[in-house]
Amino acid sequence: MSWITGRGFGLRLPEQGAATVVTEDARALERAAAEGLVGPETLVFAPSGCEAPGAAAVVPYEGSLVEPGAEAEFGEDFFLQIQAYSIAGFLVLLGPTALRLTDQEDVEAFLADADAALAEGSWPDVLTNPAVQFADVAAAGGAAPVDGPRLRLYVDSEGARVGKLGPVLSEAGESRAPAGVGPGRLPVDAALQQEVAGRTWLGRYHAAVQALQSLRARGHQGCEVSGFGLRFNSRLDTGAQAPDLALPEAPVLLRSGETYFVYEPVGGRVFEAGAEAALTLERALVQPEASEAGTAWAQARTFLERGPAAAGAAA
């Protein structure tokens, strides 16, 4: 799903071409290959009948990977739905689904859900569904440090771009754009774009959504997330300016009943933690200047350094 989300999740980027190329246009794919955008490690998704000599593989599909309301069919038994964010919550999702922000209404609905999660700890059911992926997270304030032309490209008659939202990077006869070019802006007016940019905690929100999806896939429903509507230690700050909310790649602390979990956003791993270690970790995230000693603090530091703590991985 890296092409949909813009997250690499440890994927090694190729030296030549993009890791993944998606196209709905056979002629555009031919031009992209001629420009060096398709390399020997590139996975290409293209309509049936398209060829990409020199690519690692070509995965044929029917339908669309970008248009809201459409569906992409891979073979006879895998289907990916593409839905606009604002209406997805009213639909019955039958399988893997990509949520896109396509217009003002979508972005307003997304921000309303994010604000409710921050203030009240309430989470939209559709977004925490493990079968759902949020498209182009970087454009919506999420952390996607490797997003760019080396990770993913969408190729059409206008040229190549990073995902569906990115600006055109190259056209036939032009050289490839720099690797640092990002995924572009949301299709909304400047005022709403500024509202997204002003919520500096959105990166943390996206990480929390990933954590909730991971635990929900393991059978844990209705989990609480530290920093969103509550702290497990009620004396700690829950405001939008809390230090941990500005750290999208820091561990996310969750609670399901009496059981605590730690989610590591960079690798997408979940660990179970003891209550004492979890509360110590929470303090370390919210009050990074604190200094303590003891086993719980040592375990909390292990989590902060993104290593597998002694508590072990969640089942």
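Just so it is clear, the structure is predicted and the values come from calculations on it, not from any experiment.
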Would a 4.5 Å heavy-atom cut-off, applied to side chains only, mark Ser2 and Leu151 as touching? yes
Going from CG on Leu37 to CG on Leu169, what distance comes out if it is rounded to the nearest 0.5 angstrom? 8.5 Å
Please check if Leu111 and Ile87 belong to a single hydrophobic cluster, counting links between Ile, Leu, Val, Met, Phe, Trp and Tyr side chain heavy atoms closer than 4.5 Å. yes
So, taking the atom named CD in Gln221 and the one named OG1 in Thr128, what distance separates them when rounded to the nearest 0.5 Å? 7.5 Å
Closest non-hydrogen atom pair, Leu118 against Gly227: CD1-O, 3.7 Å
Of all the heavy-atom pairs spanning Tyr263 and Gly268, show the shortest one and how long it is. OH-CA, 3.5 Å
Of all heavy-atom pairs between Val168 and Glu158, which one has the smallest distance, and what is that distance? CG1-O, 3.5 Å
Expected output: side-chain Trp3 to main-chain Gly163 donor-acceptor under 3.5 Å: no
When the ring centroid of His206 is compared with that of Phe110, is the distance short of 6.0 Å? yes
Heavy-atom pair of closest approach, residues Ser256 and His220: OG-ND1, 3.1 Å
Contact check, side chains of Ile4 and Arg100, non-hydrogen atoms, under 4.5 Å: yes
Report yes if the side chains of Thr97 and Leu91 come closer than 4.5 Å at any heavy-atom pair, otherwise no. no
Asp106 side-chain N/O to Ser86 backbone N/O, donor-acceptor pair under 3.5 Å: yes
Within this structure, what is the CG-CG distance for the pair Leu192 and Asp103, rounded to the nearest 0.5 Å? 10.0 Å
Return the orientation label for the Phe74 and Tyr61 ring planes: parallel under 30°, perpendicular over 60°, tilted otherwise. tilted
Is the backbone of Leu186 close enough, under 3.5 Å, to the side chain of Gln193 for a donor and an acceptor to pair up by distance? yes
Sub-3.5 Å donor-acceptor pair from the side chain of Thr5 to the main-chain atoms of Phe134, do we have one? no
Taking atom types as modelled and ignoring hydrogens, do the side chains of Arg231 and Ser226 form a donor-acceptor contact shorter than 3.5 angstrom? yes
So, Glu67 side chain and Ala70 main chain: donor-acceptor pair closer than 3.5 Å or not? no
For Leu202 and Ala114, work out which heavy atoms get closest and say how close. CD2-CB, 3.8 Å
Would you call the rings of Phe228 and Trp123 parallel, tilted or perpendicular if under 30° counts as parallel and over 60° as perpendicular? tilted
Tell me the closest heavy-atom pair linking Pro167 and Arg161, and the distance in Å. O-CB, 3.3 Å
SB check Arg152 Asp136 (cutoff 4.0 Å): yes
Expected output: side-chain Ser214 to main-chain Gln210 donor-acceptor under 3.5 Å: no
Please check: side-chain N/O of Arg204 versus main-chain N/O of Leu245, any donor-acceptor pairing under 3.5 Å? no
Would you say Thr259 and Glu272 are linked by a side-chain donor-acceptor pair, where the criterion is simply a distance under 3.5 Å? no
Any residue meeting side-chain contact (heavy atoms from CB on, under 4.5 Å) with Asp115, in chain and number order, not counting sequence neighbours: Arg199, Trp201
